[in-house]
2 protein chains.
Amino acid sequence: MSAPGLRERKKQRTRDALIKVALELFTTQGYERTTVDEIAEAVEVSQRTFFRYFASKEEVAFALQRIVEEEFVRALAARPPEEGPFDAMRNAVLASWDGVGDAIHEVVPVELYLRNFLMIESTPALLAAHLRRSSEMEETVARLVARREGLDVDADPRPRIAVAAFCGVMRVTGQMWGKGTDRTLEAIRALTERYLDHLGPALSLHWREPGTRD
Amino acid sequence: MSAPGLRERKKQRTRDALIKVALELFTTQGYERTTVDEIAEAVEVSQRTFFRYFASKEEVAFALQRIVEEEFVRALAARPPEEGPFDAMRNAVLASWDGVGDAIHEVVPVELYLRNFLMIESTPALLAAHLRRSSEMEETVARLVARREGLDVDADPRPRIAVAAFCGVMRVTGQMWGKGTDRTLEAIRALTERYLDHLGPALSLHWREPGTRD
DNA sequence: TTGTCAATTGTCAGTGACTGTCACTAGCCT
DNA sequence: AGGCTAGTGACAGTCACTGACAATTGACAA
């Protein structure tokens, strides 16, 4: 268990190096302007080896994102069963924002993760991939929520519907965070809470009179 | 106005032929297994010419989708201002499903459009592109909704939030329609209504007891 | 009608992501 | 020590896409 062997350790080091170098290059020069050859050369492996570690150039850009997503799923699964689905998802997101630092920190500084996230949102090809990954995530989450509530996802559409609405708001949150000026973890945490609070009221018809302002 | 000239007509014919041939090949052999060279050859133009009509192989796969999206935006803009944002979006979707036949029919049979939609949903690369397109669409719709309600999208997050939730549900609808057996326009229309009815209740916490079944 | 202009197209060469193959090297295990 | 095998590099090939330039062909005026 504690002795991974030289071979394993070497692989892990290569993998981490590829991620680190790739993200560094992506965030400084831009994703499109960075070639796989360039990354491979910087780590001193062949291009072919890069593609043995990552199925595509895209995949390496999502290496950190994957960690965060897993963190969220773990957090959701850990929520007490008394919580309704919405509170559970909401609290899981907030909890995973808190835990993100530790989870990422072992590979790269958190700041690089945030820059990486901004890059994903602003690069069309990566945004597309991100959204597809998110939709796979939605499926996972819907199943989790259904299980919590003792429902069958394939017979009852409500879990998927609720999750879709929830994730839609989360996506807007990420977007708005990227557009803003306060690019800190605290900022995105605060936005998450604020936007989710708007979801219920936003469904009602009468926006003009009362209006939860801002 | 009525005389587009030989040059224009020729271009239009080439464009239509490329779309038709491409969709036919995509839906029979699959998107990935169809090369651009193959499409170009079938229409008897050079590969270079294909790329003068479509910026990418993906783009031609979304040619019909674009028409439908425009139809929806038109329908939404045409909704009476008394309708609340949700009713307006809901009715616009339903109306555009009704109008889709006419809009598409001029290029290809509707059945090909439906097959094409299924192909998009089941091809990872196209699904990703589809979701990105959808997110651009969300932005457009959010602005439209905000205008209807006399709000500023950049100051008030509610339009975007509402639209995100709505579009999330619409995406689930499309997905579930694809998984089902009744692949008709009527079926997707019915699903649209049913799923949207679930959105409000799905946000509340108590799913187990009352439960709008199915 | 004819000649000129400009739009459209084909050809060619090149880049970059990705894949299959095969020989080779280096940890691992007995 | 020596065989086994995972991991790697080198090489060739496919496919999407782009820039440059030359050839073609409608459009339109003289």
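Residue numbering restarts at 1 for every chain, and letters A, B, ... go by the order of the sequence lines. Bear in mind that the values here come from a model prediction, so they are computed numbers and not experimental data.
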May I have all residue pairs that pass salt bridge (Lys or Arg N to Asp or Glu O under 4.0 Å) and include part of [range], sequence neighbours excluded?
| range | answer |
| --- | --- |
| residues 28-42 of chain A | none |
| residues 164-176 of chain A | A:E138-A:R171 |
| residues 61-79 of chain A | A:R66-A:E70, A:E69-A:R133, A:E71-A:R74, A:R79-A:E83 |

To the nearest Å, give me how far apart [atom1] ([X]) and [atom2] ([N]) are.
| X | N | atom1 | atom2 | answer |
| --- | --- | --- | --- | --- |
| B:E41 | C:dG10 | CD | P | 12 Å |
| A:I39 | C:dG16 | CD1 | P | 12 Å |
| B:R13 | D:dG26 | CZ | P | 10 Å |

Could you go over nucleotides 26-30 of chain C and give all protein N or O partners under 3.5 Å, atom names and distances?
from   : atom 1 : to    : atom 2 : distance (Å)
C:dG27 : OP1    : A:K10 : NZ     : 3.4
C:dG27 : N3     : A:R7  : NH2    : 3.2
C:dC28 : OP1    : A:L6  : N      : 3.1
C:dC28 : OP1    : A:R7  : N      : 3.1

Under 3.5 Å, side-chain donor or acceptor atoms of residues 119-128 of chain B against the rest of the protein: list the pairs with distances, not counting sequence neighbours.
from   : atom 1 : to     : atom 2 : distance (Å)
B:S122 : OG     : B:L118 : O      : 3.0
B:S122 : OG     : B:M119 : O      : 3.3
B:T123 : OG1    : B:M119 : O      : 2.8

Original post:
Taking five pairs at each end, how big is the angle between the two axes of the helix from C:dT1-D:dA30 to C:dT30-D:dA1, to 10°?
Top reply: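 End-to-end axis angle: 10°.
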Original post:
In B/S/- notation, 5' to 3', how is nucleotides 14-23 of chain D contacted by protein heavy atoms closer than 4.0 Å?
Top reply: -SSBBBB---
Subject >> Donor-acceptor under 3.5 Å (A:W177 side chain, A:T184 main chain) >> reply: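 Pair found, side chain donor or acceptor close to backbone of A:T184.
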Subject >> Set of residues satisfying salt bridge (charged side-chain N to carboxylate O under 4.0 Å, His left out) with respect to B:D98, sequence neighbours excluded >> reply: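 Partners of B:D98 under the salt bridge (charged side-chain N to carboxylate O under 4.0 Å, His left out) test: B:R189.
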Subject >> Under the salt bridge (charged side-chain N to carboxylate O under 4.0 Å, His left out) test, residues paired with B:E44 that sit two or more places apart >> reply: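 If we apply the salt bridge (charged side-chain N to carboxylate O under 4.0 Å, His left out) test to B:E44, skipping adjacent residues, there are no hits.
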Subject >> OP1 or OP2 of D:dG9 under 4.0 Å from side-chain N/O of A:T49 >> reply: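 The answer is yes; a side-chain N or O of A:T49 sits under 4.0 Å from OP1 or OP2.
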Original post:
Can you check whether A:Y53 has a side-chain N or O nearer than 4.0 Å to OP1 or OP2 of D:dT8?
Top reply: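 Affirmative; the distance criterion is met.
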Original post:
Listed by chain and number, what are the side-chain hydrogen bond (donor to acceptor under 3.5 Å, both in side chains) partners of A:R143, not counting sequence neighbours?
Top reply: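 Listed in chain order: A:E139.
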**OP:** Would you please name every residue forming a side-chain hydrogen bond (donor to acceptor under 3.5 Å, both in side chains) with B:E111, sequence neighbours left out?
**Re:**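 side-chain hydrogen bond (donor to acceptor under 3.5 Å, both in side chains) check on B:E111 returns B:R115.
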Original post:
Under the ring pair (Phe, Tyr, Trp, His ring centres under 6.0 Å) test, which residues partner A:F26, sequence neighbours left out?
Top reply: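 A:F26 satisfies ring pair (Phe, Tyr, Trp, His ring centres under 6.0 Å) with A:Y31 only.
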**OP:** Run the salt-bridge test on A:K11 and A:D16 with the 4.0 Å N-O cut-off and return the result as yes or no.
**Re:**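 No, no charged N to carboxylate O under 4.0 Å.
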